[in-house]
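Heavy-atom basis, side chains included; hydrogens, waters and symmetry copies ignored. The chains referred to below are lettered A, B, ... by the order of the sequence lines, with proteins before strands, and numbering in each begins at 1.
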Protein chains: 4
Amino acid sequence: MASRKTPDATRRSERSRVAILTAARELIAEVGYAKLSIEAIAARAGVGKQTIYRWWSSKGAVVFDSLLALSEGADGEGIALPDTGDIEADLKTVLRATVAEFADPEFEAPIRALNTEIINDAELAAIYREKMAAPVEEAKKERLRSAQRAGQLAADADLDLFLEVLYAPLAQRWLLRSGPLDDAFADALVDAALRAFRPE
Amino acid sequence: MASRKTPDATRRSERSRVAILTAARELIAEVGYAKLSIEAIAARAGVGKQTIYRWWSSKGAVVFDSLLALSEGADGEGIALPDTGDIEADLKTVLRATVAEFADPEFEAPIRALNTEIINDAELAAIYREKMAAPVEEAKKERLRSAQRAGQLAADADLDLFLEVLYAPLAQRWLLRSGPLDDAFADALVDAALRAFRPE
Amino acid sequence: MASRKTPDATRRSERSRVAILTAARELIAEVGYAKLSIEAIAARAGVGKQTIYRWWSSKGAVVFDSLLALSEGADGEGIALPDTGDIEADLKTVLRATVAEFADPEFEAPIRALNTEIINDAELAAIYREKMAAPVEEAKKERLRSAQRAGQLAADADLDLFLEVLYAPLAQRWLLRSGPLDDAFADALVDAALRAFRPE
Amino acid sequence: MASRKTPDATRRSERSRVAILTAARELIAEVGYAKLSIEAIAARAGVGKQTIYRWWSSKGAVVFDSLLALSEGADGEGIALPDTGDIEADLKTVLRATVAEFADPEFEAPIRALNTEIINDAELAAIYREKMAAPVEEAKKERLRSAQRAGQLAADADLDLFLEVLYAPLAQRWLLRSGPLDDAFADALVDAALRAFRPE
DNA sequence: CTATAACCGAGACGGTACGTCACGTCTTGGT
DNA sequence: ACCAAGACGTGACGTACCGTCTCGGTTATAG
């Protein structure tokens, strides 16, 4: 069941690893995911192609890792959501921030690339959920639990479902460009989600 | 000074058009979107490559057309939703059907391919919304208006938002494989959406 | 028994064919056979690698053809040997010329390349004999027959053997650098060969 | 300012040296010279690549050494030619044996490899002549001197030339596959050489 | 009797070239 | 004019080896 050739990870060149991931990130921003090539990454990173193939199984895996690396460092505590005691206000703040983030053209290419990868590769999807989505989601749920304790959300609300109802429409509009992505939309989503899961 | 290339659509070979679209559909199902090539489509269709390039601007466009063709024929009236008078029951019926459809491995490859295209190509996204999404959406909204008239939905409910809250989480789970996609989930979504937009 | 893919020779680009052969010849002279690469030939010829692989099966075949092309044009009559009536004088003239030719550094690289190919590829060896060696050999034998008629050579002399005795030592010295390659050696070879095959 | 690299020969691992040479010989026989790689030799010999590069300057040098090793052991006296008093009979015996040796497919690959190396590398050619060719040649010349003393060969015959006239045609036919290599040919060569250098 | 310097196995590394695939353009001959 | 066929220049693929460069580990003299 093990892979046929297992390079010795202790000998791995950290310099090369970082250079490859950096080059991949830069190139995605510059030429987009579709026109990204392993050769270009290797050239930009000053690395032999084999060094990429030795440690990653596909272009998608490199790209994925390069984006994953972005969200690291701030692992754990750093990603708590604001808690003013007013769940509606706090969620609107957060969703408006998300909307603003999506509007940043800098994030456009990499995030579309990431989604393209995840849609077509179940394995990467699993890693994505574990490494990138899960911590953020947990932070969000923590805030929701606080709201439940404060009686602002039904005590038996399915928090996963709540988050999906809240975020999926946002993500869909952005991905499919199926409608305006503005503060009004963010607010409307928060209102709808809170209505759907209010106490009583 | 005139545009360099304007093929005469009246002379277009219908036989070739159909063969290309059919070949594209078959190949997507067989090898997936990523490994699909124009050359393979041409070979399978018994067509010169130029005949493809003459009428479509990119691989995505061919693929897109080939999938678009699937949803045609039943244009207009055919896609009305059930209306038993009970919006909750009707929506659950429809969403459960959608869930079942997504579970069909036959649809897997083409729909993921379609989404990959749409995510990365704004123009195709527009055509998709106009040609494929809009008619279906309109049918759904028609049913919702009926529910509004029956007092089962708030009179001022934003129907677009309602549909997004209802369908986006479904689509997201399927695309990202972020959770089970079953009848229970469908029912929970309908319940949440109806709670968010109930009258009063 | 036919090759798996047979390109249409009538469509072949003469421009590319000539450019490839020319580039190959130039590069052999410049960098030698061992360091010659298909990629370099393609680049120099302004041609895609596939165009080379389409028409030749190996680097050796290209190189071989490029050298073969050199000896064409003068096919047939052009290669008669001098016939003054004195076979000894004539052979010495010819062998001294051959010695001089071998001393030309311009010929060094290509001819060594040619021999390397022929030694290791029986098929190329056969083509070489038929296309390059045979015509020259026939011309030489014609001169020897004239000498036989003049009574300067045994009437029953094996002319093939005569030529081998005459030329093989020359070629060997050059290839293996096993001794000086000068006029004295040429003369000595002619003397020995004539002694071995004199009349009576 | 001293030479950068001077491995200490006294510390050299004999086990590795032999394993490398053996592996090289085996691989030449198995895959031929052209497809032989340093990495394959190292792997087969259970040796690090550096150990090869430390002691040999090129692939050719390794191959050459591996073949050279074959002809050692019997250095010096062992390689005397038969001397029955009849030079014609003795030479025919020897040449027929050589012909038989060339027909052995076991020798095919290595000897062609050796020649390929020698043709393209003047330095190896010099070593070859000194280490492999010279002793054999001296033995042959010793037999010829005996024939001269017996009056079977011209007293002033150039023995080097004699050997070239005798052996070069043989080697050429084998290398270029330019004709049958049989006993008849061997006999004809001996006859021709003896005619060329007979007394008087 | 260490220690310290070389060789050694292993194999990661930056590279070059391989031979293949598909791209999108262009040309030819047939309908 | 459109079409099937496919040659072409281009560029990327993933693989094989190149020759160099660390890494421990193991000898085998020199202190």
Check your understanding: When the distance from CZ of C/Arg17 to P of F/dG9 is rounded to whole Å, what number comes out?
Key -> 14 Å

Practice item. Compare all side-chain heavy atoms of A/Leu176 with those of B/Asn115 and state whether any distance is below 4.5 angstrom. Key: yes

Exercise for review: Give a yes/no answer on whether the side chain of A/Ser16 brings an N or O atom under 4.0 Å of OP1 or OP2 in E/dG14.
Suggested key: yes

Check your understanding: Ignoring hydrogens and angles, are the base of E/dG19 and the side chain of C/Lys49 linked by a donor-acceptor pair under 3.5 Å?
Key -> yes

**Study point:** Exceeds 12 heavy-atom contacts within 6.0 angstrom, atom CD of A/Glu123
**Key:** no

Exercise for review: Spell out yes or no: do the side chain of C/Gln50 and the base of E/dC21 have one donor N/O and one acceptor N/O closer than 3.5 Å?
Suggested key: yes

Study note, to complete from the structure: Between D/Ala42 and B/Leu36, whichever has its closest DNA chain E nucleotide further toward 5' is D/Ala42

Exercise for review: Go through F/dG6, F/dC2, E/dA22 for me and flag the one nearest to the B/Arg11 side chain.
Suggested key: F/dC2

Practice item. Hey, could you give me the CD1/CD1 distance between D/Ile41 and D/Ile52, rounded to the nearest 0.5 Å? Key: 5.5 Å

Exercise for review: Measure the CD1-CG distance between B/Ile28 and B/Leu36 for me, rounded to the nearest 0.5 Å.
Suggested key: 5.5 Å

Study note, to complete from the structure: Whichever of D/Thr10 and B/Ala9 has the more 5' nearest nucleotide on DNA chain F, that residue is B/Ala9

Point to revise | C/Ile41 CD1 to E/dA17 P, straight-line distance once rounded to whole Å | key: 12 Å

Point to revise | Of the listed nucleotides E/dC8, E/dA12, E/dC18, the one nearest the side chain of C/Glu39 | key: E/dC18

Exercise for review: Could you tell me the separation between the CZ atom of B/Arg44 and the C1' atom of F/dA4, rounded to a whole number of Å?
Suggested key: 18 Å

**Study point:** Rounded interatomic separation in angstrom, taking CZ from A/Arg12 and C1' from F/dC21
**Key:** 18 Å

Practice item. Mind running a 4.0 Å heavy-atom check of residues 52-59 of chain A against DNA chain E and sending the residues that fall below it, in number order? Key: A/Arg54, A/Trp55

Review point. Pick the nucleotide of DNA chain E nearest each of C/Ala40 and D/Val47; which residue has the one closer to the 5' end?
Key: D/Val47

Check your understanding: So, is D/Thr51 close to the E/dG9 phosphate, meaning a side-chain N or O under 4.0 Å from OP1 or OP2?
Key -> yes

**Study point:** Selection from F/dC18, F/dC13, E/dA6 that lies nearest to any side-chain heavy atom of A/Ile38
**Key:** F/dC13

Check your understanding: Looking only at atom types and distance, does a side-chain atom of D/Arg112 sit under 3.5 Å from a main-chain N or O of D/Leu175, one as donor and one as acceptor?
Key -> yes

Point to revise | Sidechain-backbone polar pair: C/Arg44 side chain, C/Glu39 backbone, donor-acceptor under 3.5 Å | key: no

**Study point:** Cationic tip of A/Arg12 above A/Trp56 ring, under 6.0 Å, 45° of axis
**Key:** yes

Check your understanding: For the side chain of B/Asp8, counting heavy atoms from C-beta on, which of F/dC8, F/dC13, F/dC2 is nearest?
Key -> F/dC2

Review point. Rounded to whole angstrom units, what separation is found between the NZ atom of A/Lys35 and the C1' atom of F/dT10?
Key: 14 Å

